[in-house]
**Student:** 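One structure, as structure tokens, below. Some questions next.
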Amino acid sequence: MKTSVEVHNLTVTYGSAPVLWDIDFSLPTAKIIGIIGPNGSGKTTLLKSVMGLVEPASGYVKIFDKTLEVSREKIAYVPQRESVDWDFPANVYDVVMMGRYRKNNLFRRATKADKEIVLDAIDKVGLTEFRDRQISQLSGGQQQRVFIARALAQKAEIYLMDEPFVGVDAATENSILTLLQEMRSQGKTVLIIHHDLQTVSDYFDHLVLLNTRLVAEGSPQDVLTKENLSNAYGGQLTLLSKVVQLIKEKEHPIREKDSDL
Amino acid sequence: MDTFLDFILLRDPNVWFVVIGGLFIHTSTAVVGTFAFLRKRSLLGDGIAHSLLPGVCLGFMASGEKNLIFLLGGAFLTGWTSTILVDYIVNKSKIKQDTAIAIVLSTFFGLGIVLLTIIQRGNFGNHSGLDHFLFGQAAAISRTDVYVFGVLAAIILIPIFLFFKSFSILSFNPDYAKSVGMPVRFMEMLMTSLTVLAIAAGIQALGVVLVSALVFTPAAAARFWTNKLPKMIILAALMAVISGIFGAYISYQYAGMPTGPWIVIGLFVATFFSFLFAPERGFLKRFKNRRGTSIKIRDENVLKAIFQYNEKNGGHDKLNLKLSASDFLTIREFQTNTLMKGLKSLIGQGYVNHLDDKYYLTESGKKESKRIVRLHRLWEQYLLKRTSIDTDHVHSGAEAIEHILTPEIEAELTKELGIDGVPKEDY
Ligand SMILES: Nc1ncnc2c1ncn2[C@@H]1O[C@H](COP(=O)(O)OP(=O)(O)OP(=O)(O)O)[C@@H](O)[C@H]1O
Ligand SMILES: [Mg+2]
């Protein structure tokens with residue numbers, strides 16, 4: 001099976017403390033993939049490093065076997081809703097149109113095709129009647145769907161979503177899920193950070209379980225074992241967090257930069 | 001009056017320079033400022049402004065005269081240095097950005113004052129008017145200055161126009177901008193440079209102390225009027241230019257009056273006006289909305305009471321009964337004052353007529369009162385069916401809701417409950 005995202009020996013630090021430590025996995029294509037782990041386990045950081053938003057201390061990420069720079073247009077990012085100020089002067093249409101931004105159309109006005117793609121994306125997330133609404137006047141779930149529509153407008157192959165189900169009601173969650181399944185059937189790959197352990201085995205074809213280190217990765221049956229879960233969520237990794245704390249205090253280098261590329 | 005005419009008709013060539021120069025400067029600062037405002041960089045702007053003073057002084061020392069290009073060049077240099085310094089301090093220490101800005105701002109400004117004193121004491125040629133850079137003196141703009149400002153405006157506005165899409169995405173969501181491969185570092189650097197340049201251009205008119213008002217206030221005021229970025233930018237520029245002309249006029253009229261403070265006062269008036277009168281976001285509009293709703297609720301309650309009185313006293317079909325004021329009180333505890341105002345307003349709207357002291361529904365009033373009661377009871381039925389509400393709470397739960405239900409919701413309720421006409425029960 002073709003590999004969508006390959007993460008190779010990735011280590012990311014903020015200051016000197018490692019937030020991701022020697023993460024290494026390859027993800028399949030055309031699957032809905034969940035990233036799970038406790039708070040502060042580095043899930044957001046993982047997505048950001050796949051997107052190239054944070055610099056790794058070591059290791060690399062490849063998209064369809066190419067560097068991020070080459071594959072940039074094949075991958076779309078849905079940030080956490082709280083990461084922006086929604087009082088920005090723009091309406092739903094304007095924000096979704098941002099999804100059509102490309103390096104080679106910087107100076108060009110939106111074409112008819114762009115407009116159709118945008119309207120279609122808005123329709124897919126069920127926001128057509130809110131198209132001209134100022135974005136601050138949307139509910140949290142609607143704002144989340146605006147971000148998803150913007151990613152859809154990018155016409156990418158891989159979609160990275162940071163907690164798209166947070167603050168979303170059950171009906172919306174279902175309609176988003178249906179949309180994701182539709183995308184999967186078109187061969188798209190979706191990576192989702194998810195918090196609700198109740199629903200993981202229903203929602204996802206494949207799982208990545210994180211807690212600074214990679215705890216497990218694979219099919220839901222393989223990953224959701226008692227042992228893995230208590231490794232990630234229970235007290236078993238307290239030793240690891242103690243070491244991280246020590247490194248933070250001592251400003252100890254975890255390894256020479258780029259030593260194992 | 002004569003000076004006013006001189007000014008307004010541009011009879012005096014100096015006024016020409018001031019107005020055209022102001023047009024260039026204020027448009028540039030307001031446009032750059034809109035983006036800085038949206039990126040929440042207001043404080044940094046103030047820091048940059050204060051850091052321009054030592055640059056102005058150094059520019060003067062280097063050229064030995066008040067050569068605008070040297071002065072602005074120096075200002076740009078120290079302004080830029082200050083932003084780099086702030087970033088450096090934030091990155092290398094645990095000091096927060098606002099603290100770092102305060103440190104850099106006061107250090108640079110102090111340095112500027114020291115240099116200014118040295119210049120005034122020393123032998124640096126004609127330095128008269130250099131202190132205008134503290135509070136601004138638009139009247140000092142000459143023909144060559146106007147050219148310089150024109151070129152500056154072009155340097156600032158053309159990139160913003162060209163990269164408009166990029167800048168708006170970057171301002172809204174920098175992470176996303178980076179994720180689609182925008183050279184975010186470069187764009188941010190460009191934006192910072194343009195901001196420094198615009199602020200430097202503004203100090204002639206406003207002085208380092210006040211110039212940041214010229215950068216951010218127009219944007220803040222413009223935000224009240226529109227939800228569209230391009231419109232917001234144009235409005236901000238317009239308000240800045242008008243305030244600029246106002247300030248220039250005052251200082252033209254009263255010789256020796258600094259322009260800066262008057263421009264700031266003009267901007268303040270524009271902002272306050274926007275705050276009060278802007279449609280949608282303005283204070284008055286929101287106040288009116290609230291008042292409008294409470295009037296509507298008052299009137300509809302009176303209509304509802306007439307309907308209920310009819311129902312109670314056997315006039316359900318015709319709705320023809322005539323009520324005295326005290327009859328109303330058997331239905332609902334109205335305050336006499338509210339009731340009278342409501343009746344008066346309903347008579348004005350043609351829903352109610354009166355015969356001496358008795359009130360009754362007109363034809364359109366019958367329809368309207370039916371509609372309101374129906375909405376109220378539909379909502380009650382809906383609550384009973386769909387939520388676990390106690391029957392004795394239903395009434396209060398549905399109270400006031402009928403006033404906001406739209407025709408679309410009414411249609412949906414009808415469909416969901418399968419009820420035609422006015423439901424009977426009342427809880
Ligand atoms: N910009 C930053 N600077 C310093 N530390 C950071 C920064 N961002 C995140 N961290 C730290 O990195 C760790 C991992 O953060 P991350 O946001 O990736 O976790 P997460 O798994 O997404 O958590 P959550 O479930 O709460 O969203 C946390 O301990 C956090 O405190
Ligand atoms: Mg997170």
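Chain letters run A, B, ... following the sequence lines, proteins first and then strands; every chain starts at 1. Values below: all heavy atoms of this structure, side chains included; hydrogens, waters and symmetry mates excluded.
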**Student:** Begin from the C-alpha positions of Y77(A) and K178(B) and carry the test side chain to side chain contact (heavy atoms under 4.5 Å, CB included) through to its verdict.
**Tutor:** CA-CA 10 Å; Y77(A) 176 53; K178(B) 206 169 173 195; over 6 Å; no
**Student:** Can you tell which part of Q137(A) gets under 4.5 Å to a heavy atom of chain B, answering side chain, backbone, both or neither?
**Tutor:**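 Answer is side chain: those atoms of Q137(A) sit under 4.5 Å from chain B.
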**Student:** Using non-hydrogen atoms and a 4.5 Å limit, figure out which bit of L68(A) sits close to chain B: side chain, backbone, both or neither.
**Tutor:**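 It is neither, since no heavy atom gets under 4.5 Å.
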**Student:** Could you walk me through whether M98(A) and N173(B) pass the side chain to side chain contact (heavy atoms under 4.5 Å, CB included) test, one step at a time?
**Tutor:** CA-CA 10 Å; M98(A) 291 180 186; N173(B) 194 348; 5.8 Å; no
**Student:** Checking heavy atoms, do the side chain of K231(B), its backbone, both or neither come under 4.5 Å from chain A?
**Tutor:**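 It is neither, since no heavy atom gets under 4.5 Å.
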**Student:** Nearest 0.5 Å, please: how far is NZ in K48(A) from OG in S179(B)?
**Tutor:**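 S179(B) atom OG to K48(A) atom NZ measures 11.0 Å (nearest 0.5 Å).
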**Student:** Which region of I169(B), side chain (C-beta onward) or backbone (N, CA, C, O), has a non-hydrogen atom less than 4.5 Å from a non-hydrogen atom of chain A, or is it both or neither?
**Tutor:**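 Both parts, backbone and side chain.
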**Student:** Got more than 12 heavy atoms from elsewhere within 6.0 Å of CD, Q186(A)?
**Tutor:**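 It does: Q186(A) CD has more than 12 such atoms within range.
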**Student:** Tell me whether D65(A) at atom CG has more than 12 heavy atoms from other residues, nucleotides or ligands lying less than 6.0 Å away.
**Tutor:**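 At most 12 heavy atoms, drawn from other residues, nucleotides or ligands, come within 6.0 Å of this atom.
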**Student:** Mind checking the NZ-CZ spacing from K165(B) to R109(A)? Nearest 0.5 Å is all I need.
**Tutor:**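 Here the rounded value is 9.5 Å.
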**Student:** Is it the side chain or the backbone of D87(A) that comes within 4.5 Å of chain B heavy atoms, both, or neither?
**Tutor:**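 Both backbone and side chain.
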**Student:** Should K228(B) and P89(A) count as side-chain neighbours, where that means a heavy-atom distance under 4.5 Å?
**Tutor:**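 Not in contact.
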**Student:** For chain B, which candidate among R150(A), E73(A), M97(A) shows the most heavy-atom pairs at distances under 4.5 Å?
**Tutor:**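 The option with the most such pairs is R150(A).
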**Student:** Report the C-alpha distance between T226(B) and Q134(A) in whole Å, list the side-chain angles of each, state the deciding distance to 0.1 Å, and finish with yes or no for side chain to side chain contact (heavy atoms under 4.5 Å, CB included).
**Tutor:** CA-CA 10 Å; T226(B) 174; Q134(A) 151 71 15; over 6 Å; no
**Student:** Are Y101(A) and S166(B) side-chain neighbours, meaning at least one heavy-atom pair lies under 4.5 Å?
**Tutor:**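 Counting from C-beta outward, Y101(A) and S166(B) do come under 4.5 Å.
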**Student:** Measuring from D175(B):CG to L47(A):CG, what's the distance to the nearest 0.5 Å?
**Tutor:**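 Rounded to the nearest 0.5 Å, the CG-CG separation comes out at 11.0 Å.
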**Student:** Has K296(B) got more than 12 heavy atoms of other residues, nucleotides or ligands less than 6.0 Å from its NZ?
**Tutor:**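 More than 12 within 6.0 Å, yes.
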**Student:** Could you label the plane-to-plane angle of the F88(A) and F172(B) rings as parallel, tilted or perpendicular, counting under 30° as parallel and over 60° as perpendicular?
**Tutor:**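 Answer is tilted, since the angle falls between 30° and 60°.
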**Student:** Nearest 0.5 Å, please: how far is CG in D132(A) from CG in N227(B)?
**Tutor:**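 Going from CG on N227(B) over to CG on D132(A), the span is 11.5 Å.
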**Student:** Report which part of V78(A) has an atom under 4.5 Å of a heavy atom belonging to chain B: side chain, backbone, both, or neither.
**Tutor:**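 Looking at V78(A), nothing touches chain B.
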**Student:** Go through the steps to decide whether V180(B) and R102(A) satisfy the test side chain to side chain contact (heavy atoms under 4.5 Å, CB included), and finish with yes or no.
**Tutor:** CA-CA 7 Å; V180(B) 293; R102(A) 295 280 184 283; 5.9 Å; no
